[in-house]
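Right, one structure below, let's go through it.
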Amino acid sequence: MKFCLVFLPLRIRKKALERREEKIIVDRACRQETLTYEMESHATGKRPDNPTDLVEEGELLLTLNIFYPVIFQKHKDHKPYQTVLVLGSQKLTELRDSISCVSDLQIGGEFSSQPDQAPEHVSKDLYKSAFFYFEGIFYNDKRYPECRDLSRTIIEWSESHDRGYENLQSVKMEDYVFNDLYLKIGFPYLYCHQGNCEHIVIITDIRLIHHDDCLDRNLYPLLVKKHWLCTRKCFVCKMYTARWVTNRDSLAPEDPCFFCDVCFRMLHYDAEGNKLGEFLAYPYVDPGIFN
């Protein structure tokens with residue numbers, strides 16, 4: 001009888017956790033369906049308040065699929081994580097500014113000794129260089145003085161030997177609109193930022209806009225589909241989204257290990273804020289924040 005009394009609460013807790021996981025799966029599926037419907041329909045047939053922002057009849061409308069970075073092995077062969085509509089008269093920089101990627105929000109550095117000193121500036125504020133590659137031309141973002149020509153190394157590499165890539169060009173992204181480009185439907189192109197974060201870009205459709213489309217120019221580039229990502233929860237509380245990731249952590253059973261801010265500080269620091277044990281700590285940005 002004593003044996004049963006000791007382990008009864010554990011069995012009840014296990015069943016409760018199993019029911020909770022089942023409910024989370026069902027709720028997540030419902031949220032994904034709701035999100036997909038809302039994104040596809042929220043701007044259908046929308047007209048602008050200001051007549052000057054009305055998209056003109058005969059305007060080209062392009063549908064682009066933006067895929068996960070190539071370094072994300074888990075997702076690179078799966079569905080795109082963003083589908084965007086752009087107007088033919090829009091500049092390439094407008095598409096570049098509309099693409100959301102978790103690598104733009106990363107904070108570089110190791111902060112186990114001083115977690116409160118993690119800077120507020122994210123990578124996108126510090127490293128603004130980027131390019132699109134379409135049909136032998138690199139369209140580099142040169143809007144800011146600190147922007148670099150990321151394609152220069154590739155062009156020099158292609159010219160150093162006979163590699164079969166001839167007449168590669170580098171131009172300014174901000175000087176071109178989509179109507180200026182020669183594009184192939186279904187052909188994989190490239191968007192590169194943060195030095196080496198590479199996204200495949202595929203144009204799936206080019207057509208004339210019609211009255212059932214969103215006709216408010218200010219809403220383009222228009223995000224119409226987004227892949228839902230599960231958020232990574234804290235290893236300790238299993239409730240809150242991870243904010244920190246540790247390596248070589250003497251207090252953690254896994255490497256790497258993920259923690260919310262509260263659990264991270266309670267486990268790794270004493271009341272005076274002194275570091276306990278040996279570990280490396282890095283700010284973590286969860287891809288699920290884009291949900």
Side-chain angles (χ1 to χ4, degrees), residues 36 39-40 60-104 123-124 127-142 147-208 220-229 287 290:
T36 300
M39 294 193 68
E40 290 179 345
L60 280 182
L61 187 67
L62 296 84
T63 304
L64 294 89
N65 282 343
I66 315 294
F67 286 79
Y68 283 96
V70 176
I71 57 174
F72 283 21
Q73 295 294 325
K74 179 180 178 182
H75 300 292
K76 74 172 188 176
D77 296 325
H78 292 254
K79 64 180 69 174
Y81 84 102
Q82 282 184 322
T83 299
V84 183
L85 301 180
V86 296
L87 300 173
S89 59
Q90 288 190 293
K91 292 186 176 182
L92 273 65
T93 49
E94 295 182 65
L95 173 63
R96 184 261 195 274
D97 292 338
S98 71
I99 296 176
S100 57
C101 177
V102 69
S103 64
D104 282 332
S123 296
K124 191 173 184 178
Y127 311 108
K128 299 180 179 180
S129 305
F131 70 75
F132 287 106
Y133 175 77
F134 296 113
E135 297 297 324
I137 302 177
F138 292 94
Y139 297 88
N140 282 277
D141 191 346
K142 301 288 287 184
C147 285
R148 297 170 52 197
D149 185 346
L150 295 181
S151 67
R152 181 168 54 101
T153 302
I154 302 173
I155 294 176
E156 291 175 353
W157 169 83
S158 67
E159 293 175 346
S160 61
H161 299 84
D162 185 13
R163 303 184 187 274
Y165 299 97
E166 298 180 356
N167 301 321
L168 292 179
Q169 302 177 46
S170 175
V171 298
K172 293 182 179 180
M173 184 190 302
E174 57 270 27
D175 292 342
Y176 289 83
V177 299
F178 283 91
N179 286 337
D180 298 328
L181 309 184
Y182 293 92
L183 302 169
K184 299 175 184 175
I185 294 179
F187 193 83
Y189 295 112
L190 181 66
Y191 167 61
C192 179
H193 65 129
Q194 298 302 324
N196 63 352
C197 187
E198 300 176 335
H199 301 255
I200 298 298
V201 178
I202 296 180
I203 293 126
T204 60
D205 188 34
I206 302 176
R207 62 177 174 83
L208 297 179
Y220 288 94
L222 181 63
L223 183 65
V224 293
K225 287 185 181 178
K226 184 191 302 183
H227 187 203
W228 183 282
L229 275 175
F290 294 117

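For the atom pair CG (L92) and CG (D97), the distance works out to 11.0 Å, reported to the nearest 0.5 Å. In this structure, L87 CG and L62 CG are separated by 8.5 Å, a value rounded to the nearest 0.5 Å. Atom CG of L168 and atom CD1 of I154 lie 9.0 Å apart (nearest 0.5 Å). Here the OH atom belonging to Y139 is positioned 8.0 Å from the CD atom belonging to Q169, to the nearest 0.5 angstrom.
In this structure, E156 contributes its side chain and T153 its backbone to no donor-acceptor pair below 3.5 Å. Under a 3.5 Å cut-off, the side chain of T83 and the backbone N or O of K225 do not form any donor-acceptor pair.
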With side chain to side chain contact (heavy atoms under 4.5 Å, CB included) as the test, would you mind laying out the steps for S170 and R152 before giving the verdict?
CA-CA 8 Å; S170 175; R152 181 168 54 101; over 6 Å; no
Report the C-alpha distance between H199 and H193 in whole Å, list the side-chain angles of each, state the deciding distance to 0.1 Å, and finish with yes or no for side chain to side chain contact (heavy atoms under 4.5 Å, CB included).
CA-CA 9 Å; H199 301 255; H193 65 129; 3.1 Å; yes
Take E135 and L181 through the test side chain to side chain contact (heavy atoms under 4.5 Å, CB included) and record every step on the way to the result.
CA-CA 9 Å; E135 297 297 324; L181 309 184; over 6 Å; no
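Other residues, nucleotides and ligands contribute at most 12 non-hydrogen atoms within 6.0 Å of the OH atom of Y127.
Counting heavy atoms from C-beta on, the side chains of L60 and L208 come closer than 4.5 Å. Side-chain contact between F131 and D149 is absent, with no heavy-atom pair separated by less than 4.5 Å. A 4.5 Å side-chain heavy-atom check between I99 and Q82 finds at least one atom pair inside the cut-off. Proximity of Y191 to L95: side-chain heavy atoms (C-beta onward) are nowhere separated by under 4.5 Å.
Residues passing the ring pair (Phe, Tyr, Trp, His ring centres under 6.0 Å) test with Y220, sequence neighbours excluded: none.
In the model, N65 has no side-chain atom that pairs as donor or acceptor with a side-chain atom of T204 under 3.5 Å.
Shortest non-hydrogen contact noted between L150 and G195 is CD1-N, 4.2 Å.
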Check residues 172-179 and write down every donor-acceptor pair under 3.5 Å in which the side-chain atom is one partner and the other belongs to a residue at least two apart or another chain.
from : atom 1 : to   : atom 2 : distance (Å)
E174 : OE1    : K142 : N      : 3.2
N179 : ND2    : G88  : O      : 3.2

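Checked against the 6.0 Å centroid threshold, Y189 and Y133 do not count as a close aromatic pair.
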